[in-house]
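Report on the following structure.
Only heavy atoms go into these numbers, but all of them, side chains included; no hydrogens, no water, no symmetry mates. The structure displayed is predicted, hence computed values, not measured ones. Per chain, numbering begins at 1; letters A, B, ... match sequence-line order.
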Amino acid sequence: MSAASDYLERKVLDHVLRNSTNNFNAEDIIYVALFADSGSLASTALESGTSSTAGTGNWGYYEINNGNYVRKEVTFALAQTAGATTSSASNITVTFPVAAANYNTAGGTGQVVTHLAIMDQETGGNVLFYGALTTSKTVSSGDQFTISSGNLSVSLA
Amino acid sequence: MSSVVVDRYTTTENWYTSSYEALISITDQQDYVYPNTNTVIGTGEDTEPASGTGAIGSERQDSAPRSDSVNYNINSLSQSSFSRHQFAYQRFFAPGFAYQPGVRTQGGANFSSPTLTSINNVPSSKCKATITGRYRIQASAFAGTTNGNFPHILPLYIWYHDNTGTKYLLQENITITGQTININLAPSANNNAAAIAPTYASGGTNIPEVSFTVRGANTVQGATNELVYLKLDVDASKPSTTAGGTNGSNYNPNNPSNQADADGWRGTTLRWRPIVNPLGESLDKPFFYGTITRNWEGTNLIIDGVGGDSVTFAPVSSTSTFAALIVHPGSAAVAVTSSLSAAITVFAASSMQSSCALTATGNTKHDIDLTTESNFAIDSFFGIITPGASSISATTAFSPSANLKLGLLETLASSTAQSTTGNLIYDIGSDYSWEATTPEFQSLDYNWTQRNQWDEWEPAQWGEELQTWDEWESDLWDRAYTIRATALTNSTTSFRHGIVKTLGATFDINNLPAFRKAGAASLSAATNAEFTSRGVIGILFYIFDIQTSLQSDVVVRFDAAATITNAFTATLEGNLNPDAFSVIGFETSLQITPTFKPGMVPTTYAVQSAQELSPTFKPAGFANILALASQVSAARMFFQADPFNIIKVDRETKRISIAAENRQVKIDGENRVNIVAAETRGIIVPQETRILKLMKAPFLERFTTPRVRSEA
């Protein structure tokens with residue numbers, strides 16, 4: 001399992017390998033979304049799930065949905081290659097609104113943010129890339145989640 | 001990751017304690033006569049009448065002596081119980097009686113009084129309340145006796161606590177000049193908290209501002225001192241007379257024993273109101289008035305790479321599976337089967353056949369350079385004499401291992417944007433006057449502003465003894481310079497270079513012992529290759545290592561490069577007639593020349609170029625230059641050579657069209673004279689007689705025609 005969703009993998013392969021018949025048009029604005037998963041199913045849901053808030057197999061089940069949470073826009077710098085890895089890092093600081101309540105999800109999976117994902121829409125949409133936080137973050141009412149510029153990177157190897 | 005606790009919300013409002021008051025009685029004997037009989041001991045309402053019996057300053061009525069509690073620990077009460085008019089009585093002893101110092105009345109508020117609340121869904125556990133203000137005291141005293149021996153001094157000690165628990169003593173000697181005296185230990189009643197600077201009536205001491213903090217369970221920042229010391233201690237010592245006062249009072253209507261101390265005091269009651277009512281209300285009388293600032297903390301959870309806590313999505317690995325000859329992406333199976341069966345009969349001819357089927361299926365989207373080799377070897381040995389048929393079986397292992405990458409064969413188009421910036425020296429393009437010269441012109445090479453006329457110029461400023469423009473050498477202006485320009489060319493392509501891979505497969509055929517020579521054998525091998533993609537495949541089949549005595553008749557098909565648009569079959573057929581022990585080898589090769597497909601990763605090529613320009617200044621002609629008010633008769637104008645105006649004219653090929661020429665030579669006239677030296681002329685014969693003899697063919701038989709004619 002990679003950090004690219006099945007959706008993106010299909011799009012990239014079709015775009016690259018099938019010439020103009022299946023071009024993938026990237027969105028002008030992409031967003032960062034937060035997910036909380038008290039279990040271990042969020043990664044699978046982000047890989048292949050949908051925005052449905054029902055069912056543990058869908059990432060919509062794990063996305064934060066309260067406390068003034070909204071997805072926030074993110075932009076990335078031009079990709080750079082270092083060694084065998086080519087990566088692109090965020091070039092703006094992503095600041096989520098101050099939590100007006102303890103974070104929670106549609107699935108009631110708690111307030112501990114465990115995963116991030118880059119989405120192609122502000123709501124709904126598709127997962128492009130996703131990953132787990134090195135250290136989960138508990139977001140309580142009054143807390144604010146911020147990703148400093150340059151600290152969100154996507155790499156291809 | 002950094003976690004920074006910040007004050008998310010802040011509110012500030014007035015805050016004051018609830019009220020209470022206490023009376024301190026200073027009597028001259030153990031059996032105390034309460035000056036105000038309707039005063040409730042302990043908790044309860046002070047129903048002090050405004051006038052008449054029981055009113056402050058009125059005559060006291062005797063009542064049964066009682067021994068009240070000595071130390072009423074108000075501080076242990078909750079604030080709500082301070083609601084109003086709780087009383088604590090403290091007995092002090094008048095002169096002549098045993099003095100009991102150190103017993104004091106305390107007043108305070110419960111430390112939980114500044115309520116920790118929630119705001120904007122931030123819970124109270126994240127709330128921190130800080131109280132800042134001052135203690136406020138108002139007291140009054142009235143004499144327990146009315147013997148009129150005034151003034152007397154009532155020493156009053158007040159300790160206030162700061163936020164560290166340290167007590168500070170404020171002492172006031174109150175001069176009691178009448179039965180009732182107000183002790184103003186606070187500013188005017190209607191002052192608000194911000195303006196309060198309470199002092200004693202004597203004006204000697206300020207009660208400073210102090211702060212207390214109450215924090216929620218989850219707050220992590222702010223002051224560590226908590227609101228546990230918000231209280232006052234008050235002591236009142238026995239009064240003493242002052243000079244001029246009257247001692248020896250003999251009238252004490254409140255003392256049934258009518259005993260007077262040496263100073264004539266029977267007692268004094270101090271009404272301590274460590275509270276004022278700044279708003280003029282009757283119920284709330286805070287003794288501590290100030291503001292309360294509540295801060296609600298929030299945590300900024302920042303992913304900033306500190307501690308390696310940045311978010312890096314796991315590298316997306318792209319895997320190209322090439323499980324077969326020419327499959328990408330996905331996988332394909334190559335099934336190669338080879339069987340060789342021979343029936344070799346000693347002393348007789350036998351035949352062997354071998355077939356190799358090579359089938360590749362899959363989406364061969366990418367063209368590759370592929371070489372497939374198949375080797376067939378048939379070995380025979382001496383000493384095998386077994387007659388009869390033998391069977392030869394062959395196994396083929398075909399394990400291609402490829403590391404195929406997408407290739408490209410594209411023309412990379414790069415666009416170059418170049419900008420050149422040079423230091424241009426001003427250009428004089430027309431007549432001008434000094435006044436019209438630009439400041440830049442005046443400030444660069446020459447200091448015109450200090451000279452008004454040519455004559456004022458010092459030779460040193462010209463460099464030499466130059467007096468006029470004409471004396472300037474052209475070389476001074478003819479200076480070469482170089483403008484270096486760099487340009488960055490970025491070309492972005494979406495192609496990835498590919499590589500050429502060679503796949504090899506070997507076919508080995510081993511004969512069984514029954515195989516022996518001395519007979520003619522024929523070998524037929526067929527290799528089938530099926531492709532379902534486009535490409536150019538060059539195929540070369542050949543049999544190698546054939547012994548001289550081995551006769552072969554090989555037919556190779558597809559032995560030249562061909563464009564494959566569909567499945568094809570290449571067949572190798574050969575007749576092998578070995579007459580000696582030999583090794584028969586068979587090899588096939590398959591070559592595919594790839595083209596290139598776009599890759600998925602853009603590549604940026606950076607090209608840097610440098611261009612050197614070497615223009616020179618060129619002198620121009622003369623022109624009139626007006627300087628100041630005078631006119632310069634002649635000057636030389638210099639024009640900068642514009643490097644960009646140097647136009648390189650490419651080599652031209654000119655064709656000149658020459659119209660077709662027709663030349664006619666006009667000959668005016670010509671006289672030609674022909675001289676005939678001799679002439680032979682025929683003569684027409686009017687009549688002639690000729691005789692012809694006809695030859696007759698000798699026909700000898702009816703079916704034969706004579707070839708020549710002959711005479712009969």
TODO: Output the distance between atom CG (B:Asn121) and atom OG (A:Ser140), rounded to the nearest 0.5 Å.
DONE: 12.0 Å
Open item on the list: If I measure from the heavy atoms of chain B, does A:Val113 come under 4.5 Å with its side chain, its backbone, both, or neither?
Closed with: neither
TODO: Answer with side chain, backbone, both or neither: which region of A:Thr138 has an atom nearer than 4.5 Å to a non-hydrogen atom of chain B?
DONE: backbone
TODO: Output the option from B:Ser118, B:Gly298, B:Pro123 having the highest count of non-hydrogen pairs under 4.5 Å with chain A.
DONE: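 Among B:Ser118, B:Gly298, B:Pro123, the one with the most close pairs to chain A is B:Gly298.
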Open item on the list: Can a donor-acceptor pair be found, under 3.5 Å and without considering hydrogens, that links the side chain of B:Lys126 to the backbone of A:Ser141?
Closed with: yes
Task: Close side-chain approach of A:Val98 to B:Arg8, heavy-atom, < 4.5 Å - done: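 Side chain of A:Val98 against side chain of B:Arg8, heavy atoms only: contact under 4.5 Å found.
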Open item on the list: Are the side chains of A:Asp143 and B:Asn300 in contact, using a 4.5 Å heavy-atom criterion?
Closed with: no
Open item on the list: With side-chain contact (heavy atoms from CB on, under 4.5 Å) as the test, pick out the partner of B:Ile303 among A:Thr135, A:Thr134, A:Leu133.
Closed with: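 Answer to the side-chain contact (heavy atoms from CB on, under 4.5 Å) test with B:Ile303 among A:Thr135, A:Thr134, A:Leu133: A:Leu133.
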